[in-house]
Amino acid sequence: MVGRRLLSRSAGTSRRPWRRAWQTAAAAAMVWSSGATLAREPVFLAGADMSHVQFFEDRGAVYRENGQPANAFEILRRQGLNCVRLRLFTSSAAQAAADPYNAINNLDYTLPLARRARAAGHQLLLNFHYSDSWADPGKQRLPAAWTNLSFSELLGELRAYNSNVLASFAAAGIVPEYVQVGNEITQGMLWPHGHVGGTNDTPLQWAKLGQLLRAAIQGIRDAVPTGGPQIMIHIDRGGDWAGTRWFFDRLQAQNVPFDLIGLSYYPFWHGSLTDLRNTLTNAALRYRKPIVVVETAFPFSGSTNVWGIPATTNGQVEYVIALAEVVNSVPLRLGRGIFWWGAEYQSLPGYRLAGFDLRSLFGPGGNVLPAAAALGRLTTPLRLEARLAEPELLLSWPLSGAGFSLVSATSLAPHSLWHPVTAPVLAEELQYHTRVPLEDGPRFFRLQ
């Protein structure tokens, strides 16, 4: 909790001494709590998927900050983001050369990007797709090189593949902090072997999916026996609690050891923020694991309003704040992070980008957009600041306080009653602020 001790005007004092007393009290309060930040362990993940950045750069894209060309990873780090997500395909060099947009993300392409991300100061989330191209709820195609394997052979190949990949990262001095075993595996992965859902919603198919996931995770542990990555299981049902429960209830029965729940949530596909809040709240209470909105985006142009938020650069910021308020409000402090998908996208003639060039964190000309700074502010240490503006007190705190409530009390005694502050709270200039009237007697404030 963060507090401010405030002293009221005493009856019968002159105006000037009262003013000096208030100024002294406000300054003393700032010093008193200057080291008191709201604990956030582990660090909130404000991330971006940058898997195609080299692809865009090779075709002439330039990334800019304040109009000046710069390293895209360094731009986002300066904006406050702290983690980069990179997908990994099983594609061969020939496949990548034949269809770069849909197959380039193999190990030879991805490892240099990981070096760039780490050099810029980012943590890393490695996203295994277990396919030669995109894997998602509608397609989880076997890699071409694995199509003739029996199920038992596939388990061994999957374990060895993960081990070899992590060994390659470790040899480069880059052990990812987080690893996804599969991408949006709502219907399973490595079809038909690990296909679940629909007619495949059977104990046998779930047992196979469980074996595949355990083999994948064991491969990671083989390469990094201690201090290795945290494991994330990722589905696409951010706005669908029933679907989320269906998947994770069945997964739990398979005794798959994982650390984080990852959910995709795109407001133009997956329902309202209220739907998301319902899913995150119920998932936190039921599974007691940290939850990350590991894919999201919002348009800065080319769209009508989405759930009342305009498709503008300011609308993107408004969306970041609204989303952060939902994630930070997850019970048990289990809302762990937000990742922007397609953060690196820019318009590229001749390529179908599904509209994500208008949903990225870089706008026309490659200039970084305000939404990046808003997302980055979610990692700012949370401090409640007080400033005297007679006859009111100005209270402010950064966007990392999204979802927290401002309360006050007249005493710091153990059983003091803390009451919500009813003054309007505004989110402007990447921070929250409110004004409260000066009152007689001491008052204390905190965020909770």
**Prompt:** Counting distance only, does the side-chain N/O of Ser131 pair as donor-acceptor with the main-chain N or O of Pro143 below 3.5 Å?
**Reply:** no
**Prompt:** Taking the inter-plane angle between the rings of Tyr63 and Phe362 on a 0 to 90° scale, is it parallel (under 30°), tilted (30 to 60°) or perpendicular (over 60°)?
**Reply:** perpendicular
**Request:** Using the side chain to side chain contact (heavy atoms under 4.5 Å, CB included) rule, pick out the option among Leu125, Asp49, Leu263 that qualifies with Val294.
**Result:** Leu125
**Message:** Check whether Arg77 reaches the backbone of Leu81 with its side chain - one donor and one acceptor, N or O, closer than 3.5 Å.
**Reply:** yes
**Fill in**
Rounding to 0.5 Å, atoms OH (Tyr351) and CG (Asn102) come to a distance of 9.5 Å
**Asked** If you round to the nearest 0.5 Å, how far is CG of Leu358 from CD of Gln346?
**Response** 11.5 Å
**Prompt:** Is there a side-chain hydrogen bond (donor to acceptor under 3.5 Å, both in side chains) between Asp132 and Gln95 once you walk through the steps?
**Reply:** CA-CA 8 Å; Asp132 294 335; Gln95 289 171 315; 3.1 Å; yes
**Request:** Find out whether the Lys NZ or Arg CZ of Arg359 is both under 6.0 angstrom from the six-membered ring centre of Phe268 and within 45° of the ring's axis.
**Result:** yes
**Asked** Given the rule in the side-chain hydrogen bond (donor to acceptor under 3.5 Å, both in side chains) test, do Tyr130 and Asn162 qualify, once you have shown the distances and angles that lead to the verdict?
**Response** CA-CA 10 Å; Tyr130 303 125; Asn162 270 19; 2.9 Å; yes
**Message:** Taking ring-ring contact (aromatic ring centres under 6.0 Å, His included) as the cut-off, I'd like each qualifying pair that reaches into residues 94-118, sequence neighbours left out, listed once.
**Reply:** His52-Tyr101, Phe55-Tyr101, Tyr101-Trp134
**Message:** With rounding to the nearest 0.5 angstrom, report the OG to CD distance, Ser51 to Glu344.
**Reply:** 6.5 Å
**Request:** Begin with the C-alpha distance, continue with both residues' side-chain angles, and end with the deciding distance and a verdict on side-chain hydrogen bond (donor to acceptor under 3.5 Å, both in side chains) for Tyr319 and Asn314.
**Result:** CA-CA 9 Å; Tyr319 172 71; Asn314 287 338; over 6 Å; no
**Student check: side-chain heavy atoms of Leu86 and Leu124 closer than 4.5 Å** = yes
**Item:** Stepwise side-chain hydrogen bond (donor to acceptor under 3.5 Å, both in side chains) check, Glu385 with Gln431
**Value:** CA-CA 11 Å; Glu385 302 291 346; Gln431 68 174 0; over 6 Å; no
**Complete:** On a heavy-atom basis, the closest approach of Val327 and Arg336 is CG1-N, 4.2 Å
**Item:** Arg118/Glu177 ion pair, N-O < 4.0 Å
**Value:** yes
**Residues Glu428 and His433: side-chain donor-acceptor under 3.5 angstrom** = yes
**Request:** Give me the ring orientation class for Trp206 and Trp246: parallel if the planes are under 30° apart, tilted from 30 to 60°, perpendicular past 60°.
**Result:** perpendicular
**Prompt:** Within 45° of the ring axis of Trp191 and under 6.0 Å from its six-membered ring centre, is that where the NZ or CZ of Arg141 lies?
**Reply:** no
